[in-house]
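Below you'll find the structure, written out as structure tokens, and then a few comments.
Quick note: residue numbers are just sequence positions, from 1. All heavy atoms count here, side chains included; hydrogens, waters and symmetry mates do not.
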Amino acid sequence: MKRLFLLFPLMLLFYCSNVEMNENTEASAQKATNPDVVTEIFNLKQVPIITVEVSLDQWNKILTNYDLNPANDKKVVSKFTFSVNGRTTVIDSVGLRLKGNTSRRRPEGDTGLLHDAVNPDWHHCHFGFDFSKYRDGQNFKGLDKLNLKWFKDDAAYCREIYSYDLFKRFGCWNAPSASYCRLYIKVQGDAQPAYFGVYAMIENIDEVFIAKNTAKWGNGVGFLWKGGWSGSNNANFVSTESIGVEDVNINPALSTYYAYDLKTRKSELTSAKTELLQFISDLNTRTGTDFQNWIAQKMDVPLFLKTYAVNVVLGMWDDYWVNGNNFYFYFAPNGKAYFIPYDYDNTLGTSQIVANSGTQNPLSWGNMTQRPLITKILAIPQYQQLYKSYLSELVSTNKDYFYYSKSVPRIQAWQSMITPYVSNDTGEDMLIEDKPASWGNQPNYRLLTGGPFGGSSGPANFFTSKRTVIPW
């Protein structure tokens, strides 16, 4: 089994004199504005080390819980260490869980097997940390939660990172932050930690995320919904059959799932549901000038269209418009509702459902009859023109956004930074390669090379292909 040369410097970091133990005295709003979140966590110029220590009993509980119900949200107790630039933060009693929908995996071995300290069979999977799960008020540099995602189906190791970075560059403050890290997992009793390789760190969308943006959407916490699929229902803002608070536990038969899953103020589901139902009703029944006046009052429409322009430029097909999936929707204290983008690993040429994510018409990106949140807004001429102007700005040769010559250097810099750390003990995803996911419907797209247009008949560059369908 491969053990990397990075272990020795890691141990030095553990015992260096500059170790800070986490303090738990900050209020949520203060925590959310902590500058360390940007400079030390979501910083795309560095690759910090995260080490998770778990007792044998707790690690085996992760494995057995997965076998009982792979979708379970149960957490186990762990120790979290974060090291960067000679500084180390250690936090004890942190909740650790597996994450992911169709991408969720068992982190070690096959079904029924417990931890093997001699010859472990590690697997890449997504992880989530809950810093206040076992100690009220505990946080990590202001964050209550943090998500780690392996680069599933992204051999280029950049798609989700690039996507969230583009949102930030384009002024979409409603998007979460993301950056890189290296992950080690130490099951207590093992001779040394297992190195899981390079992961994406992604900001969690929760009360802390809300508090960070109070200057934009008002003080206090409104009702936050996560939109996605549940059985045959999706969050299309048409159907209202699947609204509630999810409860995913060890027994699949007792677990409940909803297309609209309430994430804040869960004890107030009745009030939250009333607000959501009224929004859906107004969205679908109001017409003409009445609808235009209502939506301008109810949403920050320019921000929504700016966000959706980035979404479509990225080729995000597993979204609201195409699939009724992967977004948050927040009813803020200021009376407006906000769309929050989420889950951008299947982008930049990795696609399904749409015929070709590089050449699909941005004005008819997805379902044109069952997605009123976007289609009714774009039916208003002034809003369609605004949307088109955002698309044009994104692909402009003079802007440091999406244009080929602007995007490639960023990706190359990130790949150069993480290349020494990609080889890992899972034996998976050991190379950085310029290709989309193998299961996608356009396998010929490239990010750093390729011809100017297409994707279906030979290597084509996704950035240049996308620009050809935005002529405005």
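- Annotation for P443 and G440: closest pair CD-O, 4.3 Å, computed over non-hydrogen atoms.
- Put simply, the side chain of R87 never gets that close to the backbone of S83: no donor and acceptor are under 3.5 Å apart.
- For residues 341-359, the pairs satisfying salt bridge (charged side-chain N to carboxylate O under 4.0 Å, His left out) are K149-D343, K149-D345, with sequence neighbours left out.
- Residues E393 and K399 have side chains in contact (heavy-atom distance under 4.5 Å, counting atoms from C-beta outward).
- Separation of the Y157 and W414 ring centroids does not fall under the 6.0 Å cut-off.
- Of the candidates Y445, F402, Y403, F402 is the only one forming a ring pair (Phe, Tyr, Trp, His ring centres under 6.0 Å) with F463.
- Distance alone, capped at 3.5 Å, is enough to place a donor-acceptor pair between the Y404 side chain and the L448 backbone.
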Discussion item. Would D73 and R97 count as a salt bridge (Lys or Arg N to Asp or Glu O under 4.0 Å) here? Give the steps.
Written reply: CA-CA 7 Å; D73 288 337; R97 55 165 289 205; 2.8 Å; yes
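- Interatomic distance, R159 CZ to D154 CG, rounded to the nearest 0.5 Å: 4.5 Å.
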Practice prompt. List the steps, then state whether side-chain contact (heavy atoms from CB on, under 4.5 Å) holds for C181 with Y421.
Written response: CA-CA 10 Å; C181 72; Y421 313 120; over 6 Å; no
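- In this structure, I41 CD1 and Q46 CD are separated by 10.0 Å, a value rounded to the nearest 0.5 Å.
- The distance from atom CG of L96 to atom CD1 of I62, rounded to the nearest 0.5 Å, is 4.0 Å.
- Note that K306 lies in the cation-pi zone of F170, set by a 6.0 Å cut-off to the ring centre and a 45° limit from the axis.
- Figure legend: cation-pi geometry between R169 and Y401 absent, as NZ or CZ is not positioned both under 6.0 Å from the six-membered ring centre and within 45° of its axis.
- Between I470 and S392 the shortest heavy-atom distance is CG2-N, 3.9 Å.
- Atoms CG and OH, from L98 and Y66 in turn, are 8.0 Å apart once rounded to the nearest 0.5 Å.
- Between the side chain of S416 and the main chain of A413, no donor-acceptor pair closer than 3.5 Å is present.
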Fill in: Check against ring-ring contact (aromatic ring centres under 6.0 Å, His included), F223 and Y330
CA-CA 6 Å; F223 294 121; Y330 179 53; 9.1 Å; no
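- Listed for the R410 side chain is no donor-acceptor partner under 3.5 Å among the backbone atoms of Y162.
- Rounding to the nearest 0.5 angstrom, the gap separating the CH2 atom in W59 from the NZ atom in K186 is 13.5 Å.
- Ion pair K145/E203 not flagged as a salt bridge, since none of the NZ, NE, NH1 or NH2 atoms sits closer than 4.0 Å to an Asp/Glu carboxylate oxygen.
- When atom types are taken as modelled, the side chain of D434 and the backbone of L447 share a donor-acceptor pair closer than 3.5 angstrom.
- Within the 4.5 Å cutoff, side-chain heavy atoms of I280 are placed close to those of Y260.
- Ring geometry for F129 versus F131: interplanar angle under 30°, hence parallel rather than tilted (30 to 60°).
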Worksheet item: When you look at Y257 and D247, which way does the side chain to side chain donor-acceptor pair (under 3.5 Å) test go after all the steps?
Response: CA-CA 7 Å; Y257 304 87; D247 180 16; over 6 Å; no
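- Because its NZ or CZ atom is both nearer than 6.0 Å to the ring centre of W173 and within 45° of the ring axis, K216 counts as a cation-pi partner of that residue.
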Worksheet entry | E428 and R105: CA distance, side-chain angles, deciding distance, salt bridge (Lys or Arg N to Asp or Glu O under 4.0 Å) verdict | CA-CA 13 Å; E428 304 168 330; R105 304 173 79 198; 3.0 Å; yes
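- Looking only at side-chain heavy atoms (C-beta outward), S163 and M316 stay at 4.5 Å or farther from each other.
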Practice prompt. Test side-chain contact (heavy atoms from CB on, under 4.5 Å) on K168 and S177 and set out the steps.
Written response: CA-CA 8 Å; K168 296 298 183 183; S177 299; 3.3 Å; yes
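- Residues T375 and N367 approach most closely at CG2-O, 3.8 Å, considering heavy atoms.
- A ring-centre distance under 6.0 Å is not found for F329 and Y338.
- For the side chain to side chain donor-acceptor pair (under 3.5 Å) with D318, the qualifying choice from N346, N323, T347 is N323, the only one to do so.
- Atom NZ of K435 has 12 or fewer heavy atoms from other residues, nucleotides or ligands within 6.0 Å.
- Side-chain polar atoms of S103 and N101 form no donor-acceptor pair below 3.5 angstrom.
- For the 3.5 Å distance criterion, the side chains of N441 and S351 qualify, holding a donor opposite an acceptor.
- Side-chain contact between N69 and S255 is present, with at least one heavy-atom pair separated by less than 4.5 Å.
- Side-chain atoms of F151 and D429, non-hydrogen and from C-beta on, never get closer than 4.5 Å to each other.
- A donor-acceptor pair shorter than 3.5 Å can be found between the side chains of N147 and N204.
- The ring of Y344 has its center closer than 6.0 angstrom to the ring center of Y164.
- In terms of heavy-atom proximity, F167 sits nearest to A175 at CB-CB, 3.6 Å.
- Residues Y328 and W225 place their aromatic rings such that the two centres sit no closer than 6.0 Å.
- Using a distance-only test at 3.5 Å, with no hydrogens or angles considered, a donor-acceptor pair links the side chain of Q415 to the main chain of A156.
- Considering only heavy atoms from C-beta on, N325 stays 4.5 Å or farther from D319 through its side chain.
- No donor-acceptor contact under 3.5 angstrom links the side chains of Y320 and N311, judged on distance only.
- In this structure, Y383 has its ring center no closer than 6.0 Å to that of Y387.
- Proximity of V47 to Y199: side-chain heavy atoms (C-beta onward) are nowhere separated by under 4.5 Å.
- Taken to the nearest 0.5 Å, the CZ atom of F339 stands 8.5 Å off from the CG atom of N174.
- Not one N or O on the side chain of K74 forms a donor-acceptor pair closer than 3.5 Å with the backbone of V248.
- Ring planes of H126 and W150: tilted class, angle from 30 to 60°.
- Close placement of the F279 and W294 rings is indicated, their centers lying within 6.0 Å of each other.
- A salt bridge does not link E207 with K212: every distance from a Lys NZ or Arg NE/NH1/NH2 to an Asp or Glu carboxylate oxygen is 4.0 Å or more.
- Nearest heavy-atom pair across S239 and N234 is OG-O, 3.6 Å.
- Listed for the T350 side chain is a donor-acceptor partner under 3.5 Å among the backbone atoms of A437.
- Taking every heavy atom of both residues into account, C125 and P107 meet most closely at SG-CB, 3.5 Å.
- Cation-pi geometry between K99 and F127 is not met: the NZ or CZ atom fails to fall both under 6.0 Å from the ring centre and inside 45° of the normal.
- Residues F209 and D206 meet the side-chain proximity criterion, which asks for heavy atoms closer than 4.5 Å.
- Counting non-hydrogen atoms of neighbouring residues, nucleotides and ligands closer than 6.0 angstrom, the CD atom of Q297 reaches no more than 12 such neighbours.
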